[in-house]
Protein chains: 2
Amino acid sequence: MDVRTLCLGALMGGEATGYEIRKMFDDGTFSHFQIASLGSIYPALTKLTQDGMVTFVEHEQENKPDKKIYQLTSEGRRTFLRTLLQTRPAEDRYRSDILFMLTFAEEMPIELTEALIDEFAARHELMSMQIDPDNPDKPAHQKFHGRDEDGKPSPGCCFVAGLGQAMCNATVKFIRENKQGLLDELRNRKANKP
Amino acid sequence: MDVRTLCLGALMGGEATGYEIRKMFDDGTFSHFQIASLGSIYPALTKLTQDGMVTFVEHEQENKPDKKIYQLTSEGRRTFLRTLLQTRPAEDRYRSDILFMLTFAEEMPIELTEALIDEFAARHELMSMQIDPDNPDKPAHQKFHGRDEDGKPSPGCCFVAGLGQAMCNATVKFIRENKQGLLDELRNRKANKP
DNA sequence: ACTATCATATATCAATTCGATATAGTCAAT
DNA sequence: ATTGACTATATCGAATTGATATATGATAGT
């Protein structure tokens, strides 16, 4: 899925600026399973405007930079829904430097191994909290998407959020249960083979 | 982590061709947490050769294309280990078209929603089996990496593999427990609001 | 018997995307 | 005072993907 399609999807939840769309992918609704950088979002919005998929209104703000508030056109909405029906989803891709590095735990000082594991766990604990769509502590920009008139998140969003939390929690649990065993084994090997 | 570093890491487990390195990221040891395509691996190996990090021997094969078998130089090995110590790992990035699409479940036919969920579960079940480093059914190219003299996978590899399996299993479990609930709710909503 | 398709193997390249940087103002903190 | 963080848009070089080309053998379907 290209960034243009991701932007259309982001705007399905209502109007937003390019900056706010980035936040949805960085902090917000989509953050645990999609990525899009500013360097791709702004050109995508320009292209979508040219193609009549979105329109924008320019808002001058006092003491702040101007805003361009983007909105789906009916054609943009139709195009996105058609894409949903026709797209064969690409394979999931998960990329983790930490796990790659941990693969070489035997070649590293044990303190580094432990630090990497702790960081991995901490990141997933944080993410698990961030994902919760009903978490009241979250800033507004994390709440853009997929809510109905009552402000409740859509069933699809809840399902995906729950799935993300389950994955994070499983990660944290596995580390809690297996970290010490790994460190002990690494220490043993170092003692026996110097 | 750039593809050059990933290639050095792949060659830590022994000599390999570019094609075999791709398989490690596609099918093999690294497949569930790193990605590298042929279009980036071959140029990376060329660059690494120029920089003295790897060397290769050309093998002519009867009735098959020639092979270039790459091997780490001692400088390549040193460089990789230094990189391990000095690199701040980037944030993990997970990208899933299916989860993005499922976010819009309310806008799709229920059959599509169910098909997407089933595919997601099937992919994760498959991956969970593929990850197992002791699975005897796996083809040779999935066994390249991180084994000691006895052929046992390294502790780091086992830990990372176990973590990957835990994530996959949690995903499958969540779907088993929550899929029907989502479909029921979607059907209810469709019945009430046409 | 014919025809796909897949697997091995390397290589190239256009299109996409990332990541860093530039600009610019507000606000809070040290 | 000045450093860093947040809002906001925009651009661009560098890295990477994904598709394609080339060559051959094996396997499987019709």
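By convention in this document, chain letters (A, B, ...) are assigned in the order of the sequence lines, proteins followed by strands, and residues within each chain are numbered from 1.
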Using only atom types and a distance under 3.5 Å, with no angle test, would you say the side chain of A:Arg93 pairs donor to acceptor with the backbone of B:Ser96? no

B:Asn169 side chain vs B:Gln165 backbone, donor-acceptor pair below 3.5 Å: yes

Would you call A:Lys190 and A:Glu106 a salt bridge, taking side-chain N to carboxylate O under 4.0 Å as the test? no

Do NZ/NE/NH1/NH2 and the carboxylate oxygens of A:Glu119 and B:Arg88 come within less than 4.0 Å? yes

Taking only residues two or more places apart in sequence, or in another chain, which ones meet A:His124 in a ring pair (Phe, Tyr, Trp, His ring centres under 6.0 Å)? A:Phe120

By nearest-nucleotide position on DNA chain C, the 5'-leaning member of B:Thr46 and B:Arg22 is B:Arg22

A:Arg4 or A:Leu38, whichever maps to the more 5' nucleotide of DNA chain C: A:Arg4

Kindly say if B:Thr17 contacts the phosphate of C:dT10, meaning a side-chain N or O under 4.0 Å from OP1 or OP2. yes

Do the side-chain N or O atoms of B:Ser40 get closer than 4.0 angstrom to the phosphate oxygens (OP1, OP2) of D:dA15? no

Does B:Phe25 have B:Arg22 sitting over its ring (NZ/CZ under 6.0 Å from centre, angle to axis within 45°)? no

Of all the choices, [options], which nucleotide is nearest to the side chain of [X] once you look at every atom?
X       : options               : value
B:Glu20 : D:dT11, C:dA9, D:dG18 : C:dA9
A:Arg95 : D:dT9, D:dT16, D:dG18 : D:dT16
A:Ile35 : C:dT16, D:dA8, C:dC18 : C:dC18
A:Tyr19 : D:dA8, D:dT16, C:dA9  : D:dA8

In whole angstrom, what separates [X]'s [atom1] from [N]'s [atom2]?
X       : N      : atom1 : atom2 : answer
A:Asp26 : C:dC18 : CG    : C1'   : 13 Å
A:Gln34 : C:dC18 : CD    : C1'   : 15 Å
A:Asp2  : D:dT16 : CG    : C1'   : 16 Å
A:Tyr42 : C:dA20 : OH    : C1'   : 15 Å
A:Glu15 : D:dA8  : CD    : P     : 13 Å
B:Lys23 : C:dA9  : NZ    : P     : 10 Å
B:Asp66 : D:dT22 : CG    : C1'   : 13 Å
A:Leu48 : D:dT9  : CG    : P     : 15 Å

Remember a base hit wins even if backbone is also touched, and classify A:Gly18 as base, sugar-phosphate or nothing at under 4.0 Å, heavy atoms. sugar-phosphate

Would you work out how much the helix from C:dA1-D:dT30 to C:dT30-D:dA1 bends between its ends, with each end axis defined by five base pairs, to 10 degrees? 40°

Hey, can you tell me if A:Tyr94 and B:Tyr94 have their rings parallel, tilted or perpendicular (30° and 60° cut-offs)? perpendicular

First of A:Ile69 and B:Ile41 reached from the 5' end of DNA chain D, by closest nucleotide: A:Ile69

Do B:Phe33 and A:Thr103 have side chains that get closer than 4.5 Å, going by heavy atoms? yes

